[in-house]
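Written below as structure tokens is the structure these notes are about.
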Number of protein chains: 2
Amino acid sequence: MGNSRMTAREIARLAGVSVATVSRVWNGVGQVSEETRRRVLEAIEAHGYRPDHLGKALAAGRHNAVGLVFPGLSGPYFSELIQGFESEAVQSRASVHILCTHLREDSDDQVIEMARRVDGITVLGGTISDDAVRRLADMVPVVMLAGSGPDQVPAVRAENTAAMAELTRHLLVEHGLRNLAFVGNPDGSPDVSERWAGFRAAHDELGLPPPAPPIRVGLQQPDGVYAAERLLERGTVPPAIVCANDETALGALVGVLGRGLRVPRDVVITGFDDVPMSALVSPPLTTVRQPIRELAAEAARRLLTTVADPAAASPEHTVLPTTVVIRGSCGCPVGPNP
Amino acid sequence: MGNSRMTAREIARLAGVSVATVSRVWNGVGQVSEETRRRVLEAIEAHGYRPDHLGKALAAGRHNAVGLVFPGLSGPYFSELIQGFESEAVQSRASVHILCTHLREDSDDQVIEMARRVDGITVLGGTISDDAVRRLADMVPVVMLAGSGPDQVPAVRAENTAAMAELTRHLLVEHGLRNLAFVGNPDGSPDVSERWAGFRAAHDELGLPPPAPPIRVGLQQPDGVYAAERLLERGTVPPAIVCANDETALGALVGVLGRGLRVPRDVVITGFDDVPMSALVSPPLTTVRQPIRELAAEAARRLLTTVADPAAASPEHTVLPTTVVIRGSCGCPVGPNP
DNA sequence: ATGGTTCCTGTAACCGGTTACCGTCAACCG
DNA sequence: CGGTTGACGGTAACCGGTTACAGGAACCAT
């Protein structure tokens, strides 16, 4: 029966040694005779002693914890990110503190507060102001995830622009579609901003007039339903709805099908992210695959590396590759292995 | 410009007082003359001093942090839970540690590890073994959320059984349906177990033969798609698919519609939870509304109360009410306000 | 003048670890 | 046999706060 009230001094008393020796035995550092080590280990074992985290942290000046700041847990994308980050952190025996800003105004203060309790923080792009990120980076190592902050702050993100441009070209060239509608708010998140840029770039490159302004909605499934409604009630149905992410695309699909339209026959829909559901709907969603979990894991690794060795810090951006995944919703024939 | 390296002793030196006085001024306790207080506050202000958490925690024997343990972040249900918990904890200025077990085997140890870093833990039902919960409860206050653990451990959950019985009766009596299929694994989570119990109870009460065994799948949207496929490939389409939660119901809806069947005409589908998407699909989903966020917030409140005053602990279960929400997917006419 | 209050503030111990430094002792060498 | 060496382990300072206790000054009543 291990009493968690056991302290190193108590163990020292029981084993007839000093606290220093207990610490040495537990951490396996310094010189301790076999006989003494045995006595100490016995006492530790007998009373289930485990060193207190606070004492350790205070002495070491390290918390062995990292923080993750995100706007909210909307949909599979954020869920995957958080799980990827958490897995990696836990593997390194660091505990994970979360702060969900819900885009509150006072979240900047709360982030600063968090910085005092962890060794490093990963911030999802678009969550807090660049100014807050800078203040944060003055206190602890910071890694931006899926988006970027001020220039000096390292970031891990996926390639958005080129992939979205490629997908858009596919619709414009392969399928000969025009007047594509874009669903997503470029000012809402760095990811959407880049995807919108890729969307426009594809039009530019092909010498086409710039696309219509985006339907500015959020990134959740209900937002996609709403966007579809807004597009359809305009009278003329757009030939294709290019969504900023899969969740809005799935929402748009639901909304479009609910109006009795057929996809891709009456309207084409594409997404971005390749969440598991996208391969399962019918028609399966043409989208862009990005390694969401790996993205977050990489952010965690870079953060932990920097924490362990501040000299290893570099403001470099890690950009993970993405690939266009052609399925049925763009009008391509659905293969046996979608 | 606040240097976070400032310590109370440094401030004391600068203000020409002792550390004790700095502490008294910061915490507003004890007697301090107006003149001294002013000098100290000036020094604090000038150097942006904020007391270190570790020192505070070590002295107070309190971490001012709570933990949340959950199996994984699958879908809006868990997302809502986590956000509800986090909001409430942050309001009480407690930081939130998360542990995502992913149903790993070594998660019991990691939970114990977490217990050494927080003042209390909330565990989602079905995440870790009852034995681990007991060991945990010996170390820190524990509140179970959405499910229950060992008897002595307090829990916060929603009413599942009666609501599912009511919904099932609605299908059996109002719509005269028979041979309902249940989708969900009763052994996978306490929630599903209770819902399955309510499903069976409704059959019992009406003197009907017990329902067919459940289609044992997970709780995510793709699981619903898979379940629908399994049900449909049996040849005879069941008149109704009663899903353990909305996400599988939405998945089943996608799967069924993808096969060219119509809902509710060819097959009825119901869910449980009432996630936002459920009101938006067509037909809108008949389901049971449970106050997910409020559930988690209540768990956080009970945990924080117990942490603040261990004498306030009670093994009582808080059960929040649920309500059946009739929409179109069960065959009822869809009103203007679904 | 003296003893008792009251108000303010400093000293030092404490929370629970880590670790620099130093003393002890046995072994070994010249 | 004195001196050097190296293994071992204890003492105490330190991390950054909180707080019990005590001491000193000012004031009041006797």
Side-chain angles (χ1 to χ4, degrees), chain A residues 2-44 47-65 93 113 115-119 139, chain B residues 2-44 47-65 93 113 115-119 139:
Chain A
N3 190 340
S4 69
R5 306 281 171 75
M6 269 297 152
T7 71
R9 297 185 213 265
E10 190 66 6
I11 293 293
R13 202 179 54 73
L14 290 162
V17 298
S18 74
V19 278
T21 302
V22 173
S23 176
R24 277 189 280 257
V25 169
W26 179 264
N27 294 105
V29 300
Q31 305 274 14
V32 181
S33 74
E34 206 41 58
E35 155 66 11
T36 308
R37 173 185 311 280
R38 199 188 44 69
R39 276 217 318 283
V40 173
L41 283 176
E42 259 170 25
I44 286 177
H47 300 86
Y49 165 76
R50 290 290 178 284
D52 177 79
H53 269 293
L54 289 174
K56 254 181 138 65
L58 186 57
R62 265 194 67 172
H63 301 261
N64 248 295
R93 315 200 62 68
E113 180 69 8
R116 313 180 50 75
R117 296 165 160 265
V118 297
D119 302 316
M139 304 175 67
Chain B
N3 190 340
S4 69
R5 306 281 171 75
M6 269 297 152
T7 70
R9 297 185 215 266
E10 190 67 7
I11 294 294
R13 202 179 55 73
L14 290 162
V17 298
S18 74
V19 278
T21 301
V22 172
S23 177
R24 278 189 280 257
V25 168
W26 180 263
N27 295 105
V29 298
Q31 306 273 16
V32 181
S33 75
E34 206 39 58
E35 156 66 12
T36 307
R37 173 184 312 279
R38 199 187 46 70
R39 277 218 317 284
V40 173
L41 284 177
E42 258 170 24
I44 286 178
H47 299 86
Y49 164 75
R50 292 288 178 284
D52 178 77
H53 270 293
L54 289 172
K56 257 182 136 66
L58 186 57
R62 268 193 64 170
H63 301 261
N64 247 296
R93 315 201 62 71
E113 180 69 9
R116 313 179 50 75
R117 295 165 161 265
V118 298
D119 301 316
M139 304 175 68

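All chains are named by letter (A, B, ...) in the order of the sequence lines, taking the proteins before the strands, and each is independently numbered beginning at 1.
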For residues 28-44 of chain B, dump all side-chain donor-acceptor pairs below 3.5 Å to protein atoms at least two apart in sequence or in another chain.
from, atom 1, to, atom 2, distance (Å)
B:S33, OG, B:T36, N, 3.2
B:S33, OG, B:T36, OG1, 2.8
B:E35, OE1, B:R38, NH2, 3.2
B:E35, OE2, B:R39, NH1, 3.4
B:R38, NH1, B:E42, OE2, 2.7
B:R39, NE, B:A15, O, 2.9
B:R39, NH2, B:A15, O, 3.2

Exercise for review: Apply side-chain contact (heavy atoms from CB on, under 4.5 Å) to B:A59 and list each qualifying residue two or more places apart in sequence or on a separate chain.
Suggested key: none

Review point. What residues, two or more places apart in sequence or in another chain, satisfy side-chain contact (heavy atoms from CB on, under 4.5 Å) together with A:A57?
Key: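 Listed in chain order: B:L54.
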
Point to revise | Base versus backbone protein contacts along nucleotides 13-22 of chain D [heavy-atom cut-off under 4.0 Å; B, S, -] | key: --BBBSB---

Pairwise N/O distances under 3.5 Å, protein to nucleotides 6-8 of chain C:
from, atom 1, to, atom 2, distance (Å)
C:dC8, OP2, B:Q31, OE1, 2.9

Review point. In Å, rounded to the nearest 0.5 Å, how long is the span from CZ of B:R93 to CD of A:E113?
Key: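 Separation between the atoms: 5.5 Å.
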
Check your understanding: Between CG of B:L14 and CE of B:M6, what distance do you get to the nearest 0.5 Å?
Key -> 5.5 Å

Exercise for review: Tell me yes or no: between the side chains of B:H53 and A:R116, is some donor less than 3.5 Å from an acceptor?
Suggested key: no

Practice item. May I have the distance from B:R37 (atom CZ) to C:dG10 (atom P), rounded to whole angstrom? Key: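 Value for this atom pair: 14 Å.
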
Study note, to complete from the structure: Across all chains, not counting sequence neighbours, the salt bridge (Lys or Arg N to Asp or Glu O under 4.0 Å) partners of B:D52 are none

Check your understanding: Of the non-hydrogen atoms in A:V22 and A:Y49, which two are nearest, and what is the gap between them?
Key ->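 Closest pair (atom of A:V22, atom of A:Y49, distance): CG1-CE2, 4.4 Å.
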
Check your understanding: Are side-chain heavy atoms of A:N64 and B:R117 found at a separation under 4.5 Å?
Key ->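 When only atoms from C-beta onward are counted, B:R117 and A:N64 do touch, with a gap below 4.5 Å.
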
Check your understanding: Can you list every salt bridge (Lys or Arg N to Asp or Glu O under 4.0 Å) pair that touches residues 13-25 of chain B, not counting sequence neighbours?
Key ->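 Checked against salt bridge (Lys or Arg N to Asp or Glu O under 4.0 Å) - neighbours excluded - the pairs reaching residues 13-25 of chain B are B:E10-B:R13.
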
Revision key, fill the gap. Computed from five pairs at either end and rounded to 10 degrees, the angle between the axes of the helix from C:dA1-D:dT30 to C:dG30-D:dC1 is 70°

